[in-house]
2 protein chains.
Amino acid sequence: MAALQKSIDKRNALINATIELVNNDGFHATPMSKIAKMACVSPATIYLYFENKQDLVNKTYIEVKTSYTAYAFATYNETMSVEEGFEVIWKRIAEFKLKESANAMFLAQCDNTPMIDEESRQEGIKHLQPLLDLWARGKKEGIIKPLSDYMLYAYSINPLSFLMITQIRGSVKMDKEELEQAYQAAWSSIKVCE
Amino acid sequence: MAALQKSIDKRNALINATIELVNNDGFHATPMSKIAKMACVSPATIYLYFENKQDLVNKTYIEVKTSYTAYAFATYNETMSVEEGFEVIWKRIAEFKLKESANAMFLAQCDNTPMIDEESRQEGIKHLQPLLDLWARGKKEGIIKPLSDYMLYAYSINPLSFLMITQIRGSVKMDKEELEQAYQAAWSSIKVCE
DNA sequence: TAAAAAAGAATGAACGTTCATTTTCTATAT
DNA sequence: ATATAGAAAATGAACGTTCATTCTTTTTTA
């Protein structure tokens, strides 16, 4: 009973303020006082909802990542063919970046800086299970080349850059040989020209 | 004479320390004192080489971006066909991300956060002129679809994600209609499957 | 020896977090 | 229905620390 009297609206206001301010100024350049002001709350109140600043941004990350994957997988289901599955997910990701651009920008910042705890990154990855399953199915069916799963995490961030990416922050690693192989595969599959 | 007695080695040490520390901790979480220590220099000495912290990171960005574009265009020349030009540049960018991964990671952070001044971003873009020219040539020859130049900046960061990207920090903008058109074009040109 | 370069200590502002207090809510007794 | 007591929630001010930058002094250079 006790813990749940805290207002969900206030929590949401804090999360939204965090997204907007971090997008504009970056994590370390947004003071708690500013987040509080934008959420119409006292600085001290933040600590009733979150342990500290790091916890606030971690939780915000997980929340946005969760909504991202929910959006990405909304029109997908497991009975689809591998090709159709990737196509459907691709289109939803594009739509998310188009329609939820503030959220997308926030994720881009989180995914390219050291601002999120490794633990929370891992937590975010967990929501990608449907994509991992699709990937595995594609490999089983011989439709997808036998590349590292590392590529898949890159795909989940950006379905095209996954062919190009070299760095993903955190513990997901790929060795240079795999990367080189991937680059070669990648070139043959793109066309910048008609 | 005066200004040039300052050691270029010391300046380089400061730039390199900035790259490494910002990669690990982020811009605002790397104190000047730490940069100084890693460069084996007094904090006060940094201010003989750079105006302030912002100037240090701006200059570092421009330096890395310059080396990036130099690398990307090293094997390209204007007598090549449009197709060959893009292929050659693509391969060099891949190589850069592979071999200069610390520099690539630093750029990714700069390109996805508000840590660099708008003015310095623009300065970085200037080095992309050869790519802009190639792009224009491709459109003139009718080889490249009539898409926004905005796409090209995305390409220069990541030749594949340019088909997917929605956000580039700074003043380069693309309207939603253009983006949507681009996404549709993009899907038909990629294959995640063999 | 004089001027530039470098150093380390000092300064003042900004920030995350906590503390002491007030306000709001809710459950019960009248 | 209303009043009230106790607890939870919220607050604003205060604390202690950290950090960018500057100041004064020392070292290096030519």
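Below, chain A is the first sequence line, B the second, and so on; all start at residue 1.
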| Using a heavy-atom distance cut-off of less than 4.0 Å, which residues of residues 36-46 of chain A contact DNA chain C? | A44(A)
Could you go through residues 29-43 of chain A and list every donor-acceptor pair under 3.5 Å that involves a side-chain atom there, pairing it with any protein atom two or more places apart or in another chain?
residue : atom : partner : partner atom : Å
T30(A)  : OG1  : G26(A)  : O            : 3.4
T30(A)  : OG1  : F27(A)  : O            : 2.8
K34(A)  : NZ   : D25(A)  : OD2          : 3.0
S42(A)  : OG   : A44(A)  : N            : 3.2

Taking only N/O atoms, report every protein-nucleotides 10-14 of chain C pair under 3.5 Å with atom names and distance.
none

| Would one find a side-chain N or O of Y47(B) under 4.0 angstrom from OP1 or OP2 of dA6(C)? | no
| Any side-chain N or O of K53(A) less than 4.0 Å from the OP1 or OP2 oxygen of dT17(C)? | no
Round to a whole Å and report the spacing from [atom1] of [X] to [atom2] of [N].
X      : N       : atom1 : atom2 : value
H28(A) : dC19(D) : NE2   : P     : 10 Å
D55(B) : dT21(D) : CG    : C1'   : 14 Å
M32(B) : dA9(C)  : CE    : P     : 18 Å

| field | For E20(A), all residues meeting salt bridge (Lys or Arg N to Asp or Glu O under 4.0 Å), sequence neighbours excluded | value | none
Quick one: side chains of residues 70-81 of chain A, donor-acceptor pairs under 3.5 Å with protein atoms, not counting sequence neighbours, listed by atom name and distance.
residue : atom : partner : partner atom : Å
Y71(A)  : OH   : E95(A)  : OE2          : 3.2
N77(A)  : OD1  : T79(A)  : N            : 2.9
N77(A)  : OD1  : T79(A)  : OG1          : 2.5
S81(A)  : OG   : E84(A)  : N            : 3.1

| message | Base, sugar-phosphate or nothing for K10(B)? Non-hydrogen atoms, less than 4.0 Å. | response | sugar-phosphate
| Qualifying salt bridge (charged side-chain N to carboxylate O under 4.0 Å, His left out) pairs, either residue in residues 41-59 of chain B, two or more places apart | D55(B)-K59(B)
